[in-house]
Structure formats: C-alpha cells, structure tokens
Amino acid sequence: MKIAIYPGSFDPITLGHLNIIKRASAAFDKVIVCVMINSEKRGLFTPEERVELIRKVVRKLDNVEVDSSSSLLADYAREKGARVLVKGLRAVSDFEKEFQMAVINGKLNSELDTVFFPANEKYTFLSSTVVKEMIRYHSDLSDFVPREIIKIVEKKVRDRREG
Ligand code: ADP
C-alpha cells in the first residue's frame, strides 16, 4: 500500500490545502494529513482544533486520515510505514525551503521521498496567514476556506475577542 503523508501547520486548513489533499488522495492508496505541532509557535487554533477542522473537510475522502504529531517528521513517517511526503508548491520561493527539507528528510530516513504538487493557479496566493488576515478584517471567507468550516472559524475569532 502506498502511504503518503501531507504535513503542515494547517492553521487553519485552506482551499489550497484541500486541493492538494484531493490530488494526493487520487495519487496514493492512503494519505495521512498530519498537523505538525511546533511548541515554539502558538497558532490561532490549537492542534486539536486544526485536526477537527480538517476532519470535517475530508469526511468524504475514504482514503484520507487526519492526525497530529510532535515527532520528527522522518521518524513519524517510518512509524506509519509511509515512503512519501506530499508538499504543495505555490511559488519559486516555496521551492528553496522545501527542497532543503526534502534533502534533510531523505538523509534522516533513506526510504522517504518527497513529492511536490504545483499549486492550482486559483490558490497560488493563498496561505493560512492570508486567511488569518481576512478573518481579522471580517472579509468574506468563501474564496479561501472550505465551506463546512467558515462559521466555526469565524466563531473562534469572535470568542477570542470577547474572551
Ligand atoms: P501555510 O501557512 O503556508 O499555508 P502550511 O504549513 O499549513 O503553511 O502548509 C502545508 C503545506 O501545504 C506546504 O507544503 C505548503 O507549501 C502547502 N500549501 C499551503 N498553501 C497552499 C496552496 N494555496 N496551494 C498549494 N499548496 C499549499
């Protein structure tokens, strides 16, 4: 079984991420979307909330699982029996960092390769950072975030302001 891992912060998941998940789901037998926990970077959403949001969005994709991990990615992949990491590339600027990471991960786990999917042209501008900006200015999120989670994302931000 060809298992691929799609790692990231997903703070929160965007339509750009979802596009990559769907394409990976068509290319591999199983895809594990993994929220990588970075204890030094506090996000807008907790890792548990991010996992929950992703689960809501991928419910209909039978071969997609959602998980979170604070392990080293190369070790996590070994543990899961995955030989492929999936990454999305929006621009040449993404490539430099991702290329370096791919080499490092290959050194840490020689059975692990990285596969890059070019961003769909509709989403090359889209990142979780852009979404957070849009939330801050109460913009319409329908072009950025999967429909199923728009209300939850907006509520989280409101609760935070009031709390
Ligand atoms: P970001 O904050 O940049 O969205 P993530 O860590 O959540 O970062 O991204 C996880 C992975 O998804 C990375 O490989 C990133 O390049 C990719 N990605 C993020 N946004 C998009 C997009 N709009 N289109 C394609 N790939 C994307």
Side-chain angles (χ1 to χ4, degrees), residues 1-38 43 45 47-106 108-132 134 140-153:
M1 180 144 90
K2 295 217 172 354
I3 305 173
I5 293 172
Y6 180 35
S9 348
F10 305 106
D11 186 36
I13 182 168
T14 69
L15 285 172
H17 294 133
L18 180 59
N19 178 262
I20 300 289
I21 294 171
K22 286 183 175 161
R23 288 157 68 192
S25 142
F28 299 100
D29 297 318
K30 179 168 145 185
V31 177
I32 305 173
V33 182
C34 187
V35 173
M36 300 311 292
I37 303 170
N38 178 349
F45 294 90
E48 295 76 21
E49 288 170 329
R50 296 179 209 180
V51 166
E52 214 174 297
L53 291 174
I54 303 169
R55 286 216 173 106
K56 278 194 202 309
V57 169
V58 303
R59 239 190 13 228
K60 291 196 185 125
L61 300 170
D62 289 338
N63 64 341
V64 177
E65 274 177 25
V66 189
D67 194 12
S68 63
S69 172
S70 47
S71 310
L72 192 65
L73 187 51
D75 293 339
Y76 176 81
R78 202 178 283 121
E79 209 180 281
K80 293 288 174 184
R83 290 179 167 223
V84 174
L85 295 179
V86 165
K87 295 294 184 89
L89 288 182
R90 282 161 291 193
V92 181
S93 51
D94 272 348
F95 180 78
E96 230 171 285
K97 192 187 87 202
E98 295 294 357
F99 183 74
Q100 190 187 22
M101 295 281 289
V103 174
I104 294 170
N105 282 319
L108 295 171
N109 176 349
S110 58
E111 292 185 335
L112 190 59
D113 210 340
T114 302
V115 169
F116 295 110
F117 283 87
N120 182 296
E121 83 270 2
K122 278 198 295 203
Y123 305 125
T124 47
F125 69 95
L126 190 50
S127 68
S128 298
T129 309
V130 165
V131 168
K132 282 181 267 200
M134 295 301 151
D140 175 14
L141 295 181
S142 49
D143 282 341
F144 310 115
V145 168
R147 187 171 23 85
E148 301 91 313
I149 65 166
I150 291 180
K151 287 222 158 59
I152 308 170
V153 169

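Residues: numbered from 1 along the sequence shown. The analysis underlying the following values was restricted to heavy atoms, covering all of them including side chains, and did not include hydrogens, waters or symmetry mates.
In this structure, N63 contributes its side chain and F28 its backbone to a donor-acceptor pair below 3.5 Å. Side chain of R90 to main chain of L126: a donor-acceptor pair is present (N/O by atom type, distance under 3.5 Å, no hydrogens or angles). In this structure, D11 contributes its side chain and F45 its backbone to a donor-acceptor pair below 3.5 Å.
Taking SG of C34 as the reference point, atom NZ of K80 lies at 8.0 Å (rounded to 0.5 Å). Note that CD of E65 is 9.0 Å distant from CZ of R55, once rounded to the nearest 0.5 Å. Residue K30 holds its NZ atom at 14.5 Å from CG of L61, rounded to the nearest 0.5 Å. To the nearest 0.5 Å, atoms CG (L85) and OH (Y76) are separated by 11.0 Å. The CD1 atom of I5 sits 8.5 Å away from atom CG of D67, with the distance rounded to the nearest 0.5 Å. One distance of note links CG of L15 with CZ of R147; it measures 10.0 Å at 0.5 Å rounding.
In this structure, the side chains of M134 and V130 come closer than 4.5 Å at one or more pairs of heavy atoms. K2 has its side chain out of reach of V84: every pair of non-hydrogen atoms, C-beta onward, lies at least 4.5 Å apart. Put simply, the side chain of V103 does not reach to within 4.5 Å of the side chain of Q100, judged on heavy atoms. Contact of the T14 side chain with the Y123 side chain is not registered, since no non-hydrogen atoms from C-beta on lie closer than 4.5 Å. With contacts defined as side-chain heavy-atom distances shorter than 4.5 Å, the pair P146/K56 does not qualify. Counting heavy atoms from C-beta outward, R23 and P118 have side chains that approach closer than 4.5 Å. Looking at heavy atoms from C-beta onward, E98 lies out of side-chain contact with T114 at the 4.5 angstrom threshold.
More than 12 heavy atoms of other residues, nucleotides or ligands shown are found within 6.0 angstrom of NZ on K132. No more than 12 heavy-atom neighbours from other residues, nucleotides or ligands sit within 6.0 angstrom of CZ on F99.
With salt bridges taken as basic N to acidic carboxylate O contacts below 4.0 Å, none links D94 and K87.
The shortest heavy-atom contact between I20 and G88 is CD1-CA, 3.9 Å. Taking all atoms of both residues into account, the shortest heavy-atom contact from A119 to T124 is CB-CG2, 4.0 Å. Taking both residues in full, the closest heavy atoms of L112 and A77 are given as CD1-CB, 3.7 Å, listed atom of the first, atom of the second, then distance. For the residue pair M36 and S71, the shortest heavy atom distance occurs at CE-O, 3.6 Å. Closest approach of S142 and I150 over heavy atoms only: CA-CD1, 3.7 Å. The shortest heavy-atom contact between V51 and S68 is CG2-CB, 3.8 Å.
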Handout entry: Full working for side chain to side chain contact (heavy atoms under 4.5 Å, CB included) between S9 and N38
Key = CA-CA 8 Å; S9 348; N38 178 349; over 6 Å; no
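Shown are I13, V66, V86; of these, the side-chain contact (heavy atoms from CB on, under 4.5 Å) with I21 is made only by I13.
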